[in-house]
**Student:** 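Attaching a single structure in structure tokens format; questions to follow.
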Amino acid sequence: MIPETAPKEDVYVASAKFSKNALVPSFEKYKEMYMKSIENPDEFWGDIAKDFFWKSKHSGDFLSYNFDVTKGEIFVKFMEGATTNICYNLLDRNVHEKNLGNKVAFYWEGNEPGDELTVTYRELLQKVCQFANVLKSQGVKKGDRVSIYMPMAVELVVAMLACVRIGAVHSIVFAGFSAESLCERIMDSECSLLITADGFYRGDKLINLKLLADDALQKCKDKGFTVRKCIMLKHLSKEIEEGSQSPPAKRSCPDLQQEGQTGRVKKRRPVPQLPWNPEVDLCWHTLVKGASDECEPEWCDSEDPLFILYTSGSTGKPKGVLHTVSGYMLYAATTFKLVFDYQPDDVYWCTADIGWITGHSYITYGPLANGATSVLFEGLPTYPDVGRMWEIVDKYHVTKFYTAPTAIRLLMKYGTEPVQKHKRDSLKVLGTVGEPINPEAWQWYYNVVGEKRCPIVDTFWQTETGGHVLTPLPAATPMKPGSATFPFFGVVPAVLNESGEELEGPSEGYLVFKQPWPGIMRTVYGNQQRFETTYFKKFPGYYVTGDGCRRDKDGYYWITGRIDDMLNVSGHLLSTAEVESALVEHEFVAEAAVVGRPHPVKGESLYCFVTLTEGVSFCRTLEVELRNLVREKIGAIATPDYIQNAPGLPKTRSGKIMRRVLRKIANGERELGDISTLADSSVVEQLFQNRSCTA
Ligand code: WTA
């Protein structure tokens, strides 16, 4: 499965100097560890678990599972019966056992250059304990779900770890999602409490988060679900405390005029008007002020729920991916350590938002479990200029840098000058995640950003996998630009054909996994049936990723993209069905079909075909309305790039929309392949004629 020896041709390898001190220094070592991890997972993960704190040891099997739907319910259990607390392992263990209390956990860098904050492990522990006590005082108990809708502030980490400390289950909703999306997620997981902030700036744009949160809570109420309390952080508070030029008139957050503890946004900007509902709204700062900074952690079972994170589903309704305590902790910690070759003096920076799984595993859980120092960045790569990333790299002497191919492609457009203006000599390892990286972007990242000095780890994984599953290890794996290379420890990939047969050697087909690793999701929250149908039904005995892949002659895996109705826009998964159902909510839209069209920066963009109701004609105003509708229903990431009038859609005789044909039309490709099953071929010509003029 893994080749005997590493290939020597057409590959890039780490320097001998880098490999010398690396944790996994050679391909041989990787292979040896890999074999142990799959032949004897108990011992492999058991050894790793020794470094963590356990209140009580596991009883019974280290690992038990069933991956085969024909044999009964699907389940995965790691170290069942052991009790621990992740927050304790991330903070108390580092402060009290590893003597890292004064080590910096986060360098927070705001949207505005110059806005910064440093938080040590000891300070983080205090803040988390205080806020955990606040949550307790608000009646939050073990197992309760708490929704978090916040900007990239240190308090976002505090809020999530405070939940973890008391055994509550966090459900973080990316702050770029709309009120409607937030409402849907709050209701699905029945959250009793929402934590949010007044707002934040993305570049020059103010995001009025509290207004969106209020809107979401109202929507929940209209649908018969009430969230008890909403805690609001004053993130834009500095202006308020220093007296902004135009203080908003109707604010009445009780503590708003007091000395703030968190004021850190220096630049004077207009602050939002804050509606305040005293029955529901609570001010973070007021609550924290009286709270003790000691809080005994709640000891949880390994298989107790840890968090829920929603990801797009092909039916259009997002799936609440559920992760549990111990397996996720071991996996996030180990992948972080070995994939980035973590060294104690590293300054690590992952540019993702904590609202996505990358931020969960590789800003909060993985780095803190290792006692690492990270940069937590609130802003944009292009604000105030396109050199911002490299300016931050130099400012904090970042050694390990993790970003998305879409960000690399965006920066590539501006040439090498903004990169070369900065030194970047601290960088040692570069990483990518979220979508396949095209070899051209890989080369640019390698040659220009890393100056041929830094190995690139192209990490393939999913919200569902909890951590990296296919990835190079920087000193051990010879790299091929565009390939996620080989499996991480404990992961056994296979390539299947349509009939579910395992293909050997060089081949192309469905990427599946044959056995569980600690970080794999445990269920879809509240819907075990959907969990089994989505991931285990098509090929019994395997976890189906939904991605296609190719394996080359050297055994390297190359992800070829989604093979379900899912699109990847700027590294974010979207389901076509979700966008379609937003479009058809417009009274003038009878039917909609959405496909992906390759995009030079975003990877894919949304191309929407809409069939209008009788008597309505397509016009620019309608196009704008539809675009806004999708933004409002889902969020700005789902904004369509193209909307085309489609008087008819290409369908099979049984009425199924032929998306394959629509993809060709969207791309302007006349070579349609076999269209013998098409019911009415004249619609195709009409659609070519009508192609969106901007396309
Ligand atoms: C895609 C993000 C190719 C893939 C961590 C997967 C990738 C989906 C890579 C999961 C990569 C992620 N190469 N494709 N290195 N990383 N993907 O759940 O299609 O937001 O199934 O998790 O992103 O997206 P998700």
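Atoms within a ligand are numbered from 1 in the order they appear, just like the ligands themselves.
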**Student:** Among all protein non-hydrogen atoms, which one is nearest to atom 6 (C) of ligand 1, and what is the separation to 0.1 Å?
**Tutor:** Asp547 OD2, 3.3 Å

**Student:** Using only heavy-atom distances, determine whether the side chains of Ser361 and Tyr331 contain a donor-acceptor pair under 3.5 Å.
**Tutor:** no

**Student:** What protein heavy atom sits nearest atom 10 (C) of ligand 1, and how far off is it?
**Tutor:** Trp461 O, 3.5 Å

**Student:** Counting only nitrogen or oxygen atoms and a 3.5 angstrom limit, does Thr459 reach ligand 1?
**Tutor:** yes

**Student:** In Å, rounded to the nearest 0.5 Å, how long is the span from CD1 of Ile456 to CG of Leu430?
**Tutor:** 5.5 Å

**Student:** So, is Thr545 polar-close to ligand 1, with some N/O to N/O distance under 3.5 Å?
**Tutor:** no

**Student:** Nearest to atom 20 (O) of ligand 1, what protein heavy atom do you find, and at what distance?
**Tutor:** Thr463 OG1, 3.8 Å

**Student:** Would one find an N or O of Gly434, backbone or side chain, under 3.5 Å from an N or O of ligand 1?
**Tutor:** yes

**Student:** Which ligand 1 atoms, with their elements, are less than 4.0 angstrom from a heavy-atom of Val433?
**Tutor:** 5 (C)

**Student:** Identify, by atom number and element, the atoms of ligand 1 in contact range of Ile559, meaning under 4.0 Å from any of its heavy atoms.
**Tutor:** 3 (C), 14 (N)

**Student:** Under 6.0 Å between the ring centres of Phe307 and His360?
**Tutor:** yes

**Student:** Output the list of atoms in ligand 1 that are nearer than 4.0 Å to some heavy atom of Asn568, sorted by atom number.
**Tutor:** 1 (C), 23 (O)

**Student:** Is there a donor-acceptor contact under 3.5 Å linking the side chains of Tyr402 and Thr432?
**Tutor:** no

**Student:** Is there a donor in the side chain of Arg530 and an acceptor in the side chain of Thr315, or the other way round, less than 3.5 Å apart?
**Tutor:** yes

**Student:** Given the rule in the side-chain contact (heavy atoms from CB on, under 4.5 Å) test, do Phe174 and Tyr310 qualify, once you have shown the distances and angles that lead to the verdict?
**Tutor:** CA-CA 10 Å; Phe174 171 55; Tyr310 285 85; over 6 Å; no

**Student:** In Å and rounded to the nearest 0.5 Å, what is the OH to CZ distance from Tyr30 to Phe27?
**Tutor:** 6.5 Å

**Student:** Examine the side chains of Tyr556 and Arg551 and answer whether a donor and an acceptor come within less than 3.5 Å of each other.
**Tutor:** no

**Student:** Using 0.5 Å steps for rounding, measure from the CG atom of Leu503 to the OH atom of Tyr510.
**Tutor:** 11.5 Å

**Student:** Under a 4.0 angstrom heavy-atom cut-off, which atoms of ligand 1 come close to Gln462?
**Tutor:** 6 (C), 10 (C), 18 (O), 21 (O), 22 (O)

**Student:** Side chain, backbone, both or neither: which applies to Met566 and ligand 1 if a contact is any heavy-atom pair less than 4.0 Å apart?
**Tutor:** neither

**Student:** Note the single closest protein heavy atom to atom 11 (C) of ligand 1, along with its residue, its atom name and the distance in Å.
**Tutor:** Glu435 O, 3.5 Å

**Student:** Counting each atom of ligand 1 from 1 as listed, which ones have a heavy atom of Thr358 under 4.0 Å away?
**Tutor:** 5 (C)

**Student:** Considering the heavy atoms of Pro436, write down every atom of ligand 1 situated less than 4.0 Å from one of them.
**Tutor:** 3 (C), 13 (N), 14 (N)

